[in-house]
Structures are given as structure tokens and as C-alpha cells.
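Scroll down for the structure; my scribbles are underneath it.
Order of the sequence lines sets the chain letters (A, B, ...), proteins ahead of strands, with each chain counted from 1. Being a predicted model, the structure only gives us computed values, none of them experimental.
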Amino acid sequence: MSEHLLDMQSLIGGYGGNDILKGASLTVAQNEIVVIVGPNGAGKSTLMKSAFGLVKIRQGAVIFQGEDITNMRPDLVVRRGMSFVPQEKNVFPSMTVQENLEMGAYLRKDGGAAQQMERIFEIFPRLKERRKQAAGSMSGGERQMVAMGRALMLDPKLILLDEPTAGLSPLFIEQTFERIVEINKLGIGVLMVEQNAKQALEIAHRGYVLAMGRNRFEDTGAGLLANREIAEMFLGG
Amino acid sequence: MDVTDLLQLAIYGVVLGSILTLGAIGVSLLFGILRFSNFAHGDIMTLGAYAAFAVVSTLHAPVWLALPVGMIAGALVSVAADQLVYRRLRRTQPVILLISSFGMALIIRSLVQLVWGPQDRSFVKGIDMPMHFGDLMVSPQQLWILGGTIVIVIAVHLFLTRTRMGKAMRAMSDNMDLARVTGIDAEKVIVWTWALGGALAAAAGVFLALDTRLTPMMGWSALLPIFAAAILGGFGKPYGAIVGGMIIGVASEMSTAVLPPAYKPATAFAVMVIMLVVKPNGLLGARR
Ligand SMILES: Nc1ncnc2c1ncn2[C@@H]1O[C@H](COP(=O)(O)OP(=O)(O)O)[C@@H](O)[C@H]1O
Ligand SMILES: [Mg+2]
């Protein structure tokens, strides 16, 4: 048993052709915010998908709460308490906000869905106002809220966010990071990929720099921010 | 040709439209989720109609009692076809699935012919007197078809908007990958989609047989206008299929005011093509 919530160990694999992940490793502890940064095409999204059986892992292991979940079916992973907000197409566009959230609770059989939805409306009051609106007709920022709300419906132990602030206005970016801290305070671990690396690392406990499917650096959020080399390469100086 | 004749044709059109609608909803649901045009859909209609016919002819049950039996048969055979054949081919190229559904269509049709023979059959013996509304005529069968379709369409709507499985189907149709990482058991939803599509096809088959006659070719012949209706409504959009079915049905029947009836399928296609030139993703289709 490791003390880690999530432990990805030297993963090698991809989409059937060439390996995209070439030994990437990462851990997330209970209640941690962990950020992955790195250049485009580094395999950041692929690494996240590999936790949900969406990528074929040839070597290495994904351990969640002490259980081996390598290449496990996505619905079975979700059932174990890990949720995912993909980088794009992360809402059901023809369904209303409320229906999107209901789908998030699809696996829930304890009748706690209504209560959980109220909790999510407290975090994202905007969603409550717009509950009857089709998710596809909302702005990018609102859609990101729907996607996060959906992923929180099962009250997960850990939530994976792939570029939650991509394409948002500076104001929305600020708000999104605030929401993420708020979510983390509820006792939910956060693993996120971010292009707005500076802001993300400011709220992160730890961070990883991923390049070409491998770990390049790994340090506390503050440590990575203070690193000259990284600042030049990835944080825009 | 006066207004009464045109109204009469419009009534026939709505009846035909009901049948096409039921077929097109199933085609659209399946396409929405599996991205697969099921060419065996018409023959599931035929099978459903003959299954209902078996109940009517052996137990002397009324058609409305035989209808659910036909629908269950359509659902079971659709699910069986998926589990035995399509499921194994799902990860191959789409064209392989398409051709295998042609094969499935032939198998089902041959089975129907083997069991019930090639000759025409009919649900109703003798001639039912049509009812008169002013100068307009409506047969009792046509009223059954209309009423039955309305009930079934409302039931499908409630299923898709109120039940957990129905909403999961819509979610899968919106985005299969997202549905899976949301925790939806994709295989289970797919089985239920086949069951629903098959049951609706069977209902369409029973209604088509009520309106005309039972023949082993009946469903296959209806397949093209059904696809036209589904495409017109925006392929993969079950609500579009209702609109598409009605437009194709009414247009086909109205065309007989000026064209010989043999041109009905051609009319269906002409309507579809013209509308698609104007709205390339179908009437309810999203812009891409
Ligand atoms: N579904 C896919 N099928 C095949 N290759 C893919 C797929 N998704 C991503 N890739 C490839 O994997 C590599 C890494 O992509 P990705 O993980 O999305 O990078 P990042 O998120 O770091 O920008 C890229 O070369 C990309 O082309
Ligand atoms: Mg990415």
C-alpha cells in the first residue's frame, strides 16, 4: 500500500502506433493540487487519459488508492472515485446543464444526487441560473463549469482537469483557479494540466514538467516557479 | 383534383409519415450512438409484422394485443444480431459493419419467407368499411396507426427525457467518449438502443402491414424512404426523424396528385435532396 492517492509508474504506451508515453511517472497524494506543464504534444493529455483506460498502456502501472487500475474500463475507474474533465468536448451539448450534472451522477445509486447538485450549485451559482439551458449554447467559461460540475457529481477523491482555463478570458481564468482551490478545500485531490503555468503553479502543491512522454522536472509549485531554466522554457520568461 | 382530394391525400400522407417516423427514429438513434447505418432495419420491420401476424392468426388476438408481441420480437432479434454479429465488428472499418447489415437483412428476410412463405398475407379479412368525415374517408386501421404512433412517440419522448437509460442514450449520442468517462456503461446502453430501435421498427412494420399487406419484401421496400426521413431530420437526431418522416410521408402521397404512384419513392428522395441543399445537416442537425 502506498500513501499516494494516485501513483502512475513509468508508463509506456499510446494509441496503437508509436508510444506517446515513454516512461512518465507521477503521484498525487490525498488532498494535493498537482500541476503538469510542458510543451504541446508532450503527452500531457495522453497521460491523463491513461488513468482511464483510454490509452493502451504496454508497460508500467496505474495504482489508485492501492488498487491496480491499469487499462481498466473508464466506467469502472470512475466508480472507484476518480473523475475526468477532458481538454475539449467536455459537455453533452444537446443536454441541459441539469441533465449534464445528472449524467455525472449516473453511477450513483444512493439517492444523494440531488443534494450533491445543490452543493455544486453553491460552488457554481451561475449553473443554477442556467440549469434548463442546453450546455452547447453556453460560453466557454460556463461550459467549463458544467464540465467540472459533472465531474464532481460522484463526490470523487480525485479530479483530473485537462487545461481547464484554455480559451478563457483573464477574468474567467482567475475565477476558475479560485474554484479549483475551493474544490480542493472540500477534500478532493486535483491533478491538472495547464498552459497558464504561472498561475497554476502558484496554487499547486507540486508540479511536473513533461516533455516527449517523459518527466523533465518535478518539484514543489514554488520550486518550479523559482527555477530559471523552466521559467525560460515553459513559463514565458 | 379539388381541395377535398388534396386533403384526402394529406391524410394518407400523415398515415405513411407515421410509419416512416417510427422506422426513422430507430435508424437515427442507432446511427447517433454507433455511427452505423443499419440496412437490416427494414427487415426487422417485416419480422415484427409477421410475429404480430402469427399471434393474430393463431390466437385470434386483436392487432393491438399482437403489437407488443411484434415489438418484443423486433427488440430481441435486433439485440441478438448485435451480440452475435455487429458487436464483434464494431472496432473494424464502418464499411464492414454496413455490408454485414446487408447480410443480416437477407438472413432475416429468408427466415421470414421460410416460416411464412412468399405469398401476401393480411391482418384484416374482408374489407373494413371506412369512416366518413364529410367528404373525407379514414379507415379504422388508419386511425389505429395514427393513434398508435402518437402514443409510441410520446412514450419514446418520455423515455429519452425522463429516464436514466434514456438520458444515457442521449449522452452517448452527443459524445461517446465523454459518456464513458462519465461512468456510463457503454455496452449496456448500446444493447438497450438496439432493443428500442428494433421495437420501433417492428411497430412500424405492423402499421405498414395494417395499411397495406404483409409480404417478405415490405420492410426492405420501406427502407429507402425511412433513411430519407432520418437524413432529412438530421441523421442521429431522433426528434428530427419525426419531422423528416412526416414531410417525406405527406410529400410522397401528395405527389400522386400530379405523378403516377410509382414515383412515390423518387419524390421522397427529391424532397430529401432539395432540403439538404438548403440545410446540409438536416432540419434539426447542428452546424458543424
Ligand atoms: N487519439 C489519438 N490518436 C493518435 N494519436 C494521438 C491521439 N491523441 C493524441 N495523439 C498524439 O499523441 C501525442 C501527444 O498528444 P497529447 O497527449 O494530446 O499532447 P499534449 O496534451 O501534451 O499537448 C501527439 O503527437 C498527438 O498527435
Ligand atoms: Mg493536451
Side-chain angles (χ1 to χ4, degrees), chain A residues 16 45 48-55 72-96 98-109 111 113 132 134-137 143 146-156 159-162, chain B residues 25 28-29 31-33 35 87 90-93 156-193 230 233-243 281-288:
Chain A
S45 297
M48 287 208 156
K49 288 189 236 166
S50 72
F52 288 87
L54 299 173
V55 171
M72 189 182 270
R73 239 169 57 198
D75 54 306
L76 300 179
V77 175
V78 174
R79 197 185 288 271
R80 282 165 171 73
M82 178 157 63
S83 313
F84 185 29
V85 177
Q87 185 170 353
E88 40 197 15
K89 297 193 180 159
N90 53 20
V91 298
F92 299 112
S94 80
M95 304 178 85
T96 65
Q98 183 165 341
E99 286 173 333
N100 267 270
L101 296 182
E102 283 170 15
M103 284 299 101
Y106 183 81
L107 284 171
R108 213 169 169 135
K109 299 237 165 78
K132 301 279 183 220
S137 69
R143 254 192 270 192
V146 175
M148 280 198 225
R150 191 215 82 232
L152 289 170
M153 279 301 285
L154 286 177
D155 202 2
I159 183 168
L160 272 58
L161 307 170
D162 196 347
Chain B
I25 292 175
S28 241
L29 274 171
F31 185 83
I33 290 175
R35 308 280 134 190
R87 185 170 63 92
R90 223 171 270 150
R91 292 189 207 301
T92 62
Q93 290 170 10
V156 170
H157 168 71
L158 292 177
F159 174 76
L160 289 175
T161 53
R162 302 285 159 85
T163 69
R164 182 166 171 267
M165 181 53 69
K167 288 179 196 176
M169 279 183 194
R170 285 165 54 216
M172 290 264 291
S173 172
D174 265 10
N175 186 339
M176 169 96 93
D177 286 339
L178 185 62
R180 295 177 69 213
V181 298
T182 296
I184 294 170
D185 178 348
E187 282 301 317
K188 192 167 153 194
V189 177
I190 287 172
V191 166
W192 280 99
T193 309
F235 223 32
K237 304 265 183 288
Y239 292 96
I242 301 170
V243 183
N281 289 316
L283 294 174
L284 298 196
R287 276 151 306 190
R288 265 164 240 242

Okay, side chain of [X], backbone of [Y]: is any donor-acceptor separation there less than 3.5 Å?
X: A:Arg80; Y: A:Leu76; value: yes
X: B:Ser173; Y: B:Met169; value: no
X: A:Asn100; Y: A:Val91; value: no

Which bit of [X] is near chain B, if near means a heavy-atom gap under 4.5 Å: side chain, backbone, both or neither?
X: A:Ser94; result: both
X: A:Pro93; result: both
X: A:Arg150; result: side chain

Which region of B:Ala186, side chain (C-beta onward) or backbone (N, CA, C, O), has a non-hydrogen atom less than 4.5 Å from a non-hydrogen atom of chain A, or is it both or neither? neither

Quick one, A:Met48 and A:Gln87 - any side-chain contact, counting heavy atoms below 4.5 Å? no

Taking the inter-plane angle between the rings of A:Phe84 and A:Phe52 on a 0 to 90° scale, is it parallel (under 30°), tilted (30 to 60°) or perpendicular (over 60°)?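 Aromatic pair A:Phe84/A:Phe52 classed parallel.
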
Max heavy-atom pair count under 4.5 Å with chain A, selected residue of B:Thr161, B:Asp185, B:Thr182, B:Asn175: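 The answer is B:Thr182.
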
